[in-house]
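Chain identifiers are assigned alphabetically (A, B, ...) following the order of the sequence lines, protein sequences preceding nucleic acid strands; residue numbering begins at 1 within each chain.
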2 protein chains.
Amino acid sequence: MPIFLPKEPLRDELLLTAVLYALSDEVRLGIVRQLAEGGEQPCGVFEVDRPKSSLSHHFRVLRESGVVTTRKDGKLLMNTLRRGDLNARFPGLLKAVLK
Amino acid sequence: MPIFLPKEPLRDELLLTAVLYALSDEVRLGIVRQLAEGGEQPCGVFEVDRPKSSLSHHFRVLRESGVVTTRKDGKLLMNTLRRGDLNARFPGLLKAVLK
DNA sequence: TAATTAGTTCGAATAAATTCGAACTATCGT
DNA sequence: ACGATAGTTCGAATTTATTCGAACTAATTA
């Protein structure tokens with residue numbers, strides 16, 4: 001079966017509780033901070049002390065909550081923080097969390 | 001055994017992930033919103049469709065994460081949102097979440 | 001003193017999240 | 001075509017959270 005990335009919620013489907021939950025984990029928060037700093041990056045560059053299947057799980061949570069968007073580029077999955085959507089729906093949240 | 005309220009973290013012991021986790025639940029977020037609106041209130045005034053033992057659990061999570069502080073007043077436990085501490089440690093977070 | 005009220009604590013059941021290895025898909029390079 | 005690389009998916013184990021009823025503590029009121 002082909003790889004299906006989870007469907008990412010549209011801007012107006014973002015749920016505050018889901019976003020807060022996604023950000024409430026150290027690993028995921030670390031990923032988000034690094035994306036905020038360095039812009040679009042593939043999954044592999046994140047140095048977390050966990051096997052890739054665990055990392056993949058955390059990316060899924062970030063995608064499904066709408067915190068991150070992922071596009072395919074060759075053999076890489078490139079991840080971007082959904083700044084615009086998050087700022088539109090929850091103004092100030094990202095800034096407060098990333099500070 | 002006497003009733004021991006969970007120890008509330010000091011301002012500089014607040015953890016962002018713990019706060020975000022506490023806020024990532026609809027019931028708890030509802031309590032926090034109502035405290036933000038109406039100021040100090042006892043546990044009993046919150047109309048959530050759950051038995052009081054469940055409510056008590058949610059208050060515990062809010063206290064242990066440092067979102068809420070509780071003082072005893074007669075037979076009531078009065079709860080207050082820890083605005084000052086939260087704003088000091090995570091500027092803008094509360095505003096963004098409560099909007 | 002007894003009854004009521006407010007809310008916690010306990011214990012056990014259920015539900016949900018996390019973790020990891022192994023197997024897999026897809027792409028790239030040789 | 002083959003091997004290596006990137007990352008997902010699956011399945012099962014473990015951990016953590018939630019839920020609730022019942023028993024409890026402490027304060028109030030009769």
Donor-acceptor list for residues 47-58 of chain B side chains, cut-off 3.5 Å, not counting sequence neighbours:
from     : atom 1 : to       : atom 2 : distance (Å)
His58(B) : ND1    : Arg28(B) : NH1    : 3.0

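- Counting only residues at least two apart or in different chains, salt bridge (Lys or Arg N to Asp or Glu O under 4.0 Å) contacts with residues 85-99 of chain A comprise Arg11(A)-Asp85(A), Arg82(A)-Asp85(A).
- Not counting sequence neighbours, Asp25(B) has no partner by the side chain to side chain donor-acceptor pair (under 3.5 Å) test.
- Residue Lys72(B) places at least one side-chain N or O under 4.0 Å from the OP1 or OP2 atom of dA27(D).
- Residues that satisfy the ring-ring contact (aromatic ring centres under 6.0 Å, His included) test with Tyr21(B), not counting sequence neighbours, are absent from this structure.
- Within residues 49-71 of chain A, the residues having any heavy atom under 4.0 Å from DNA chain D are, by residue number, Lys52(A), Ser53(A), Ser56(A), Arg60(A), Arg63(A).
- Within the structure, every side-chain polar atom (N or O) of Tyr21(A) is placed at least 4.0 Å from both OP1 and OP2 of dT16(D).
- Within a heavy-atom distance below 4.0 Å of DNA chain D, the residues of residues 25-45 of chain B found are Arg28(B).
- Rounded to whole angstrom, the span from the CD atom of Glu47(B) across to the P atom of dG7(C) amounts to 13 Å.
- Partners of Arg83(A) by side chain to side chain donor-acceptor pair (under 3.5 Å), not counting sequence neighbours: none found.
- Residues forming a side chain to side chain contact (heavy atoms under 4.5 Å, CB included) with Ala96(A) (at least two apart in sequence, or on another chain): Leu93(B).
- Annotation for Leu76(A): hydrophobic cluster partners, listed by chain and number, are Met78(A) (ILVMFWY side-chain heavy atoms under 4.5 Å, direct or chained).
- To the nearest 0.5 angstrom, Glu8(A) atom CD is 9.5 Å from Ser65(A) atom OG.
- Heavy-atom distances under 4.0 Å link DNA chain D to Lys75(A), Leu76(A), Leu77(A) of residues 73-82 of chain A, given in residue order.
- Glu64(A) meets the salt bridge (Lys or Arg N to Asp or Glu O under 4.0 Å) test with Arg60(A); sequence neighbours excluded.
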Atom pairs under 3.5 Å: protein N/O with N/O of nucleotides 12-15 of chain C:
none

